[in-house]
Protein chains: 2
Amino acid sequence: MSRASDRAFETIRSMIVSGELSPGEQLVEEALADRCGVSRTPVRDALRRLESDMLVRRNDTQRTFVADWSLDDVADMFELRAMLEGHAAKLAAERMSDAALEELRRCNAELRRAVKATPPNVDLFLELNRDFHALILKVASSRRLATLLATLIEQPVIWRTAHHYGVDELARSSAEHDELLAAFARKDADWAQSIMSGHIRRAYHAYADAHHGLTAIDAADRKRRA
Amino acid sequence: MSRASDRAFETIRSMIVSGELSPGEQLVEEALADRCGVSRTPVRDALRRLESDMLVRRNDTQRTFVADWSLDDVADMFELRAMLEGHAAKLAAERMSDAALEELRRCNAELRRAVKATPPNVDLFLELNRDFHALILKVASSRRLATLLATLIEQPVIWRTAHHYGVDELARSSAEHDELLAAFARKDADWAQSIMSGHIRRAYHAYADAHHGLTAIDAADRKRRA
DNA sequence: AGCCGCATTATTGTATACAAATCCTATTCG
DNA sequence: CGAATAGGATTTGTATACAATAATGCGGCT
């Protein structure tokens, strides 16, 4: 997709992920078109893409809204992610090359530096974490799997809450990455799968712990807006 | 989506699934618009949807083509399906109600009748098989999972080859469904998961057996057309 | 002959106007 | 007072024209 459509997609996407557009809020094509400085046509394209990423949902009469996720939905999402990323790690272990392994090591070394900085560089951590997982997915080399996972990562839920991670959580992440590297080095597919699955599940509980007190407020807030 | 856009989607979709449009063939918006009797706008919508279902792919310059799948891709697809449908069966076993179980039983009874007819009614089998799996997915009640699986089922690969099933394969399917029903009745989630996973894997091998001799021809055929 | 550059054609992208559907509200009727 | 509803306002759907980009083929050049 060329300029206008991409711009619309990225603009709307970042507005959703940043929370500038609240969960449950209605998205009106013409208003978005104005904000993006394009016509409705590319906005419609963008909304379709966002819909397939499940960042927006449509009601039965074709109105679009920013997706809102219940705790159950989030739990669901993490469970699927644990399963699929575990599978990816397994495939990756079987297909890991020395070069790719070395790149993963470099990535995690940088990641650890970001964690150990004072104060820890959370944005950099997130970026390198993304890279690390993306690299594994690449080694797994399953187009299908990549597509499925794409809709599970990069969720606003994750992004808005990642900053709540404590330093200990961040450090634990890079330690788990080390374990993954060990499993990859030994080409132990089942081990890699187990670690990855646990890695994601731990992330879920970190999320849940940080949020279980907020959901009631969120729900009330959402209702008020609607 | 209202009439025109849906019509375009369904028309193009069925042309792909039936093989009227060959894998690798370029899809031109205006030509499709003519064939569907609508303008390019709804066709573009339809192509986006087909793209997210992975029935078409786009090259780097935005031309669209009917998706073509290598044997590896298909194996990949079945493996993911085995994993995800297995997970769905597990969730379903935990959440199965008596009413839903009864409905599944009725469905499989009908399915068995379709198999035992002379000659076996393969189209009816396929439809009921779909219903059976959809029902399980519904009981699993995970929106996310449903979305992910949607892109894996209903592939032309599957549809075009289902007719190659022998009577014994069909009978074995309904027998496996019976086992699933037993697992559901006892709410044995792990059992349900194992059976479902095996069920899909068996389907894969039936596919592979029927096709491993054809791929060379298919490839040549595809090349000739391109 | 082979290849490069340019004009031509084919195809997709975007804007816009208008049509259809949906939503909202005010008003009427029970 | 509440429910049904009619009609205006809002929003989405579709068609079409034109712009931008990519593919194709031609002609000249080496």
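First the proteins, then the strands, lettered A, B, ... as listed; each starts at 1.
Separating the CZ atom of B:R58 from the C1' atom of D:dA22 is a distance of 14 Å, rounded to the nearest angstrom. A:R40 has its CZ atom 7 Å from the P atom of D:dT12, to the nearest Å. Taking atom CG of residue B:L47 and atom P of nucleotide C:dT11, one finds them 14 Å apart after rounding to whole Å. Atom P of nucleotide C:dA20 and atom CG of B:D6 are separated by 17 Å, given to the nearest angstrom. Distance, B:D45 CG to D:dT14 C1': 10 Å, rounded to whole Å.
With sequence neighbours left out, the side-chain contact (heavy atoms from CB on, under 4.5 Å) criterion links A:A93 to A:F184, A:A189, A:A192. For the side-chain contact (heavy atoms from CB on, under 4.5 Å) test, residues two or more places apart in sequence or in another chain that qualify with B:V122 are B:L126, B:H163, B:L170. Partners of B:T61 under the side-chain contact (heavy atoms from CB on, under 4.5 Å) rule, at least two apart in sequence or in another chain, are B:N59, B:R63.
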Show me the side-chain donor-acceptor pairs of residues 98-111 of chain B shorter than 3.5 Å, one per line, residues at least two apart or across chains.
{"unit_1": "B:N108", "atom_1": "OD1", "unit_2": "B:H177", "atom_2": "ND1", "d": "3.1"}
{"unit_1": "B:N108", "atom_1": "ND2", "unit_2": "B:S174", "atom_2": "O", "d": "3.2"}
{"unit_1": "B:N108", "atom_1": "ND2", "unit_2": "B:D178", "atom_2": "OD1", "d": "3.0"}

Side-chain donor-acceptor contacts of residues 33-42 of chain B below 3.5 Å, not counting sequence neighbours, with atom names and distances?
{"unit_1": "B:R35", "atom_1": "NH2", "unit_2": "B:E20", "atom_2": "OE2", "d": "2.6"}
{"unit_1": "B:S39", "atom_1": "OG", "unit_2": "B:T41", "atom_2": "N", "d": "3.3"}
{"unit_1": "B:R40", "atom_1": "NE", "unit_2": "B:E29", "atom_2": "OE1", "d": "2.9"}
{"unit_1": "B:R40", "atom_1": "NH2", "unit_2": "B:E29", "atom_2": "OE1", "d": "2.9"}

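Salt-bridge formation is not detected for the pair A:D76/B:R143: no Lys NZ or Arg NE/NH1/NH2 atom is positioned less than 4.0 Å from an Asp or Glu carboxylate oxygen. Salt-bridge check for B:R49 with B:D6: passed, with a basic side-chain N closer than 4.0 Å to an acidic carboxylate O.
Interface residues of residues 26-35 of chain A facing DNA chain C, ordered by number: none; criterion, heavy-atom separation under 4.0 Å.
Counting only heavy atoms from C-beta on, A:Q62 has its side chain closest to D:dT12 among D:dT16, D:dT12, D:dA23. Counting only heavy atoms from C-beta on, B:A4 has its side chain closest to D:dT14 among C:dA15, D:dT14, D:dT12. Relative to the side chain of B:S5, the nucleotides C:dC23, C:dT12, D:dT14 differ in distance, and D:dT14 lies closest. Out of C:dA15, D:dT10, D:dT16, the shortest distance to the side chain of A:T41 is found at C:dA15.
Projected onto DNA chain D by closest heavy-atom contact, A:R63 and B:R63 fall at different nucleotides, the more 5' of which corresponds to A:R63.
A sub-4.0 Å separation between OP1 or OP2 of C:dC23 and a side-chain N or O of A:T61 is present.
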